[in-house]
Number of protein chains: 2
Amino acid sequence: MPRQAILEALRKANKHFSTEELYHVVHKKYPAIGLATVYRTLELLCQIGLIFKFDFGDGLSRYELAVGPDQNHHHHLICTTCGRIIDFSELVEEETRVTRELENVLSKKYNFKIDSHQTHFLGLCEKCLSDLKGSDLSAATGTLK
Amino acid sequence: MPRQAILEALRKANKHFSTEELYHVVHKKYPAIGLATVYRTLELLCQIGLIFKFDFGDGLSRYELAVGPDQNHHHHLICTTCGRIIDFSELVEEETRVTRELENVLSKKYNFKIDSHQTHFLGLCEKCLSDLKGSDLSAATGTLK
DNA sequence: TTCTAATTGAAAATGATTATCATTTACATT
DNA sequence: AATGTAAATGATAATCATTTTCAATTAGAA
Ligand SMILES: [Mn+2]
Ligand SMILES: [Mn+2]
Ligand SMILES: [Zn+2]
Ligand SMILES: [Zn+2]
């Protein structure tokens, strides 16, 4: 029952859950749940391939449903300043083409069975970019008197 | 001086260093070094863009030189069972093409300044694959008497 | 029901990373 | 050279996500 409750919660709200976040959500419907079980179940679902695990650089793991009816193939923009995450699926066709080719070549050359892949683009989001410009400007101009 | 020692160590041996590993290496040439300084310097080099930071799924951060004279653009195969890492640069031209296109589209659409990207292929390495087959076989066959 | 193995929750342990703080260093100005 | 000041450093403690332990509960098979 705990496992079902966790998977259900993951299905409903589909953003990039941390373990603790998921724990709190599940806790409402299933107050007996323990944090350790959430950790264990997430690892389980990960190995089954039902969910993906990510590290977006804020010291904890995040999860989302694997590609399926509710989720389509996409990758992530990660703001290295504020941690904002943007899902994108632009150029998926192109990306899929190259990836398939790559998986072919790699699996043969290295005898490696590829289960999934993830691509991260790191940089600065709109907001952090403008914040930076602001501080640059004030730095160049000096403190106003 | 500590910083130089750290960068030098990174240049010489070009594996995927963890902080602690790097600390030990530097410690030989520069015994006064503190672990905290290694952490601080690695973050610094990361922000400058001289090195890249990775999470390969073994609970610690790993680093390598950014693309330059000593390092060429590549991505990683990660064995989710034993943690083995394989660098690959097959199909770089293709990959670079799509990536450039993608960076164009994304930076415009989301007003996002892209600094770098990383692609991980997750799966099973040759060894873990054969180990798995072995255990499957014995599981199907049952324990020999 | 009875037995056994898997699952679970609570709590403790682990371990990478970060924060603190007193000391040292680098370096510009006298 | 002496002085002043801010940055860098090393040692240590604190943090905090994750893992481990372990006793209790549950789920099925017999
Ligand atoms: Mn996503
Ligand atoms: Mn590499
Ligand atoms: Zn941002
Ligand atoms: Zn392996």
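Each chain gets a letter, A, B and so on, in the order the sequences are listed, and its residues count up from 1.
- Tested against A:His74 for a side chain to side chain donor-acceptor pair (under 3.5 Å), the candidates A:Glu95, A:Glu64, A:Glu90 yield a single pass: A:Glu64.
- Scanning for side-chain hydrogen bond (donor to acceptor under 3.5 Å, both in side chains) contacts around A:Lys15 gives A:Asp87, with sequence neighbours left out.
- Under the rule for a ring pair (Phe, Tyr, Trp, His ring centres under 6.0 Å), A:Tyr110 has no partner lying at least two apart in sequence or in another chain.
- Within the 4.0 angstrom heavy-atom criterion, no nucleotide atom of any strand lies near A:Ser18.
- Evaluation of the ring pair (Phe, Tyr, Trp, His ring centres under 6.0 Å) rule for B:His27 yields B:Tyr23 as partners, not counting sequence neighbours.
- The distance from atom OH of B:Tyr39 to atom P of D:dT12 is 17 Å, rounded to the nearest whole Å.
- Taking the screw axis at each terminus of the helix from C:dT1-D:dA30 to C:dT30-D:dA1 from five consecutive base pairs, the angle between the two is 20° to within rounding of 10 degrees.
- For B:Phe56, the ring pair (Phe, Tyr, Trp, His ring centres under 6.0 Å) criterion is met by B:His16, B:Phe54, B:His76, B:His120, not counting sequence neighbours.
- Rounding to whole angstrom units, CD of residue B:Gln4 and P of C:dT25 are separated by 17 Å.
- Partners of A:His75 under the ring pair (Phe, Tyr, Trp, His ring centres under 6.0 Å) rule, at least two apart in sequence or in another chain, are A:His73, A:His117.
- Within residues 43-64 of chain A, the residues approached by DNA chain D to less than 4.0 Å at the level of any non-hydrogen atom are A:Gly59, A:Leu60, A:Ser61, in residue-number order.
- In this structure, A:Glu21 contributes its side chain and A:Ser18 its backbone to a donor-acceptor pair below 3.5 Å.
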Under 3.5 Å donor-acceptor pairs involving side-chain atoms of residues 28-36 of chain A, not counting sequence neighbours:
none

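- Separating the CD atom of B:Glu20 from the C1' atom of C:dA16 is a distance of 8 Å, rounded to the nearest angstrom.
- Partners of B:Lys108 by salt bridge (charged side-chain N to carboxylate O under 4.0 Å, His left out), not counting sequence neighbours: none found.
- Residues in residues 47-61 of chain A take part in these side-chain hydrogen bond (donor to acceptor under 3.5 Å, both in side chains) pairs, two or more places apart or across chains: A:Asp58-A:Arg62.
- Regarding B:His27, its NE2 atom lies at a distance of 12 Å from the C1' atom of D:dA11, rounded to whole Å.
- A straight line from CD of B:Glu21 to P of C:dT17 spans 11 Å, rounded to a whole angstrom.
- B:Asn111 pairs by the side-chain hydrogen bond (donor to acceptor under 3.5 Å, both in side chains) definition with nothing, not counting sequence neighbours.
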Spell out protein contact along nucleotides 8-14 of chain C as letters: B when the base is contacted, S when just the sugar-phosphate is, - when no protein heavy atom is under 4.0 Å; keep the 5' to 3' order.
BBB----

